[in-house]
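Letters go in sequence order (proteins before strands), and every chain restarts at 1.
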Protein chains: 2
Amino acid sequence: MSMTAGKRVGIKQVAEAAGVSASTVSQVYNHKGEASSATREHVLSIGAQLGYRPNVLGQALRSGRSRVIGVVVSYRDSAVWDQTYLPYYRNIIAGAAIEAVEHGYAISAAPSNEHGLTDTFLPLDGVIVVDPIPGDLVVEQCLATGMAIITDGGYETSNSAARLVTVRSDMDKGIPKVLDHLQAESAASVFRPALFVGPRLDSYTVDTIRAYKKWCEVAGFEAAVTTPEPSQSPLDAARTLLARGIRAVTAVHCLNETYCAAIFEAAAELGISIPDELQVSVAGNAAAMGAERRAVYLNLDPVETGARCARALISLLEGNDVTDIVEEVTLVPASQVVG
Amino acid sequence: MSMTAGKRVGIKQVAEAAGVSASTVSQVYNHKGEASSATREHVLSIGAQLGYRPNVLGQALRSGRSRVIGVVVSYRDSAVWDQTYLPYYRNIIAGAAIEAVEHGYAISAAPSNEHGLTDTFLPLDGVIVVDPIPGDLVVEQCLATGMAIITDGGYETSNSAARLVTVRSDMDKGIPKVLDHLQAESAASVFRPALFVGPRLDSYTVDTIRAYKKWCEVAGFEAAVTTPEPSQSPLDAARTLLARGIRAVTAVHCLNETYCAAIFEAAAELGISIPDELQVSVAGNAAAMGAERRAVYLNLDPVETGARCARALISLLEGNDVTDIVEEVTLVPASQVVG
DNA sequence: TTGAAAGCGCTAACAT
DNA sequence: ATGTTAGCGCTTTCAA
């Protein structure tokens, strides 16, 4: 155990007990193999005997690597934050924390505001930025300092020296999957799928819209993308969308749980029955709180995503080449409980 | 931003620019008020100008405080771990991480095994131990080193010097609440409430059993506590319990989601209808994945609990007196969706 | 009120 | 192959 309290055994104690110098001990513990195997064994056995654990703080200070990675929690704006982003971040954080510890890293949630990353007390070896927008302030700041970055969501940069890896869900496959499913299950005489997204143009949204439009084009349907006007609530936008009538809109795919909830509420108000008169699908965690059993889920597992991001970042920090990651998304039909 | 990469400005740069010594700068930034307000202002303004942020690693090394707190993830044993503990821990971790960062602390998930805490790489200022059992190895280890500890769940120690604070749910109030509710809703001619718990005698289980027995005694019912035999699965135990018949058992309170799921499965097998023939209640997160709408929930919010634990620990670390915390639990009736 | 010096635990040049 | 020296950024006596 490397605890703080109590008199811990340090490199010096081991050095003394083993009758060697501190640097030899250090050398044995790190650059495995420049010491004679005799001393090596000896030092190691003494170390084990004394219960020596290198103090990471010392290592960190000396090497400039803190073994702490940040998970950037973007600027929070009210309702949407609480409903969707906060739960999502929590899961990302938890997944990243559990993965990180396996590799000897700790997690620091790193809040950001309109000025970018706010004070993160511990120096960060790298960061995970969730859902950046193009030219994201936090990403650009980190890029500028040469920090290693993982984005959960696509990100374009011209910075060729960047240590930046993206992790994103494969909407190019997922969206057709869910639209095909909706069409196959559709009871309407004419299938009319709409897309309901938010105003924030992060890559997730952009990818979703692109895939939707492409599917419509290929399948010969007219694309209908609805976005709340500035200052319009998701619920209002949903009302407007559904007011077109159940012949104009027979199915809606929602960007996330927030928009899905708005659709359900608007449908209830208008006396539209789901899924009989209106099919609803949503990208989100089918196993999450208040998951809507009447909706089709394009299942996202944020805990796993968090773990994946942490793994990628750590791999990057260890000096490996890491390529962008595209996550598969699975389809969970309506009324199906997820184990 | 206190990032690692790039040439950060340190105490020396500030000292030089301000024309004072490093120790004066340090003094200004820490023991607010031993420098003349003139120098103070000056140093602060130069510091701000240069964007100086104390390097926590340096501080930590010198002061022996790492500003990292551990969340101990207990020994994981297979199925129960995945179903109940892992989700619970995740939420605790996320809640603790978000709370911690507000106070300048990072979180390290700290895995433990049968030998206690395994290597946690960063030195910990304190730990949060979830659901310790009496004489818990991890708790005792930490106690021995004088580390600050928060237990999520009651814990008894004779160590008077201990910096140990417990955070627990108020089962003494919660259990009567849920049993009263079940009794009031009961359709059976004779109300017969059973309790279904696990073999692990952590304080949460013990508290639950105690409160249940007391309620039965006061209300004049016979107490019936069911625990899986060693090597018996929860499902098997549930089968045995329900096999007694719907007149012998009209209601079951389950310790957690694992036991609740077992009851539901066994009931389905036996053709017992819930809640008509059998009332089921469970202590857990009513807003969680796969929450059972037919069950009555004694609602636990692990994210909030995690935050509370972190807050208590940090307060302890800052040298405050912190008293044990008892969390209220609320009742969520069956078939009610939680916002 | 301020500064000089020592050192937290460790690693990396450099010397031997 | 091993030891010596210096110093990462900071705090903390202790002296001025």
Side-chain angles (χ1 to χ4, degrees), chain A residues 2-44 46-47 50-68 104 121-125, chain B residues 2-44 46-47 50-68 104 121-125:
Chain A
S2 99
M3 299 182 184
T4 262
K7 55 276 152 212
R8 291 204 32 221
V9 349
I11 202 169
K12 284 183 180 166
Q13 285 76 300
V14 177
E16 187 174 2
V20 297
S21 79
S23 48
T24 300
V25 176
S26 167
Q27 191 285 112
V28 165
Y29 274 86
N30 300 300
H31 327 281
K32 35 199 84 178
E34 295 189 12
S36 75
S37 53
T39 22
R40 196 179 149 62
E41 299 296 317
H42 183 226
V43 167
L44 250 22
I46 296 281
L50 266 46
Y52 169 68
R53 313 257 69 223
N55 181 325
V56 182
L57 247 30
Q59 296 184 149
L61 186 56
R62 183 63 235 232
S63 63
R65 300 193 37 200
S66 63
R67 299 195 84 90
V68 176
F121 296 73
L122 290 152
L124 267 22
D125 282 354
Chain B
S2 101
M3 300 182 184
T4 263
K7 55 276 151 210
R8 290 203 34 221
V9 348
I11 203 169
K12 283 183 181 168
Q13 285 77 300
V14 178
E16 187 173 3
V20 297
S21 77
S23 44
T24 300
V25 177
S26 168
Q27 192 284 113
V28 166
Y29 274 85
N30 300 301
H31 328 280
K32 34 199 85 180
E34 295 189 12
S36 75
S37 52
T39 20
R40 195 178 150 63
E41 298 296 316
H42 184 225
V43 167
L44 249 22
I46 295 281
L50 266 47
Y52 168 67
R53 313 255 72 222
N55 181 325
V56 183
L57 247 31
Q59 295 182 151
L61 185 56
R62 184 61 237 237
S63 63
R65 301 195 34 200
S66 65
R67 299 196 81 91
V68 176
F121 295 72
L122 290 152
L124 267 21
D125 282 353

Can you find a side chain N or O atom of Ser36(A) that sits less than 4.0 Å from OP1 or OP2 on dT2(D)? yes
Rounded to the nearest 0.5 Å, the CD atom of Gln59(A) sits from the CG atom of Leu57(B) at a distance of 11.0 Å
Measure from CZ on Arg67(B) to P on dT11(D) and round the result to the nearest Å. 11 Å
Sugar-phosphate only, base, or nothing, as touched by Tyr52(B) at under 4.0 Å among non-hydrogen atoms: sugar-phosphate
In whole angstroms, the gap separating C1' of dG9(D) from CD of Gln13(B) amounts to 10 Å
If I take atom CD1 in residue Ile11(B) and atom P in nucleotide dT12(D), what distance separates them, rounded to the nearest angstrom? 11 Å
Hey, what bend do you get for the helix from dT1(C)-dA16(D) to dT16(C)-dA1(D) if you fit axes on five pairs at each end, rounded to 10°? 40°
Could you pull out every donor-acceptor pair under 3.5 Å between side chains of residues 18-26 of chain A and any protein atom, sequence neighbours left out?
| unit_1 | atom_1 | unit_2 | atom_2 | d |
| --- | --- | --- | --- | --- |
| Ser21(A) | OG | Ser23(A) | N | 3.4 |
| Ser21(A) | OG | Ser23(A) | OG | 3.0 |
| Ser21(A) | OG | Thr24(A) | N | 3.4 |
| Ser21(A) | OG | Thr24(A) | OG1 | 3.2 |
| Ser26(A) | OG | Asn30(A) | ND2 | 3.3 |

Are Tyr52(B) and Ile11(B) side-chain neighbours, meaning at least one heavy-atom pair lies under 4.5 Å? yes
Scan nucleotides 3-7 of chain D against the protein and return all N/O pairs shorter than 3.5 Å with their distances rounded to 0.1 Å.
| unit_1 | atom_1 | unit_2 | atom_2 | d |
| --- | --- | --- | --- | --- |
| dG3(D) | OP2 | Ser21(A) | N | 2.8 |
| dG3(D) | OP2 | Ser21(A) | OG | 3.3 |
| dG3(D) | OP2 | Thr24(A) | OG1 | 2.6 |
| dG3(D) | N7 | Ser23(A) | OG | 3.4 |
| dT4(D) | O4 | Ser23(A) | OG | 3.0 |
| dG7(D) | N2 | Arg62(A) | NH1 | 3.0 |

Provide, to the nearest angstrom, the distance between the CZ atom belonging to Arg53(A) and the C1' atom belonging to dC10(C). 15 Å
Roughly, in whole Å, what's the span from CG in Leu57(A) to C1' in dT11(D)? 14 Å
Considering all heavy atoms, the nearest Pro54(A)-Tyr29(A) contact: CG-CD2, 4.4 Å
So, taking the atom named OG in Ser63(A) and the one named CG in Asp125(A), what distance separates them when rounded to the nearest 0.5 Å? 8.0 Å
Here the pair of heavy atoms bringing Arg40(A) nearest to Val28(A) is NH1-O, 3.4 Å
To the nearest Å, how far apart are Gln27(A) CD and dG9(C) P? 21 Å
Give the minimum heavy-atom separation between Ser66(A) and Ala60(A), together with the two atoms involved. CA-CB, 3.9 Å
Output the distance between atom CG (Leu50(A)) and atom CD (Glu16(A)), rounded to the nearest 0.5 Å. 10.0 Å
Which residue lies toward the 5' end of DNA chain C, Gln59(A) or Leu61(B), if each is placed at its nearest nucleotide? Leu61(B)
To check you understand the geometry: which heavy-atom pair defines the closest contact between Ile46(A) and Val14(A), and what is its length? CG2-O, 4.1 Å
Between Asn30(A) and dT11(C), does any side-chain N or O lie under 4.0 Å from OP1 or OP2? yes
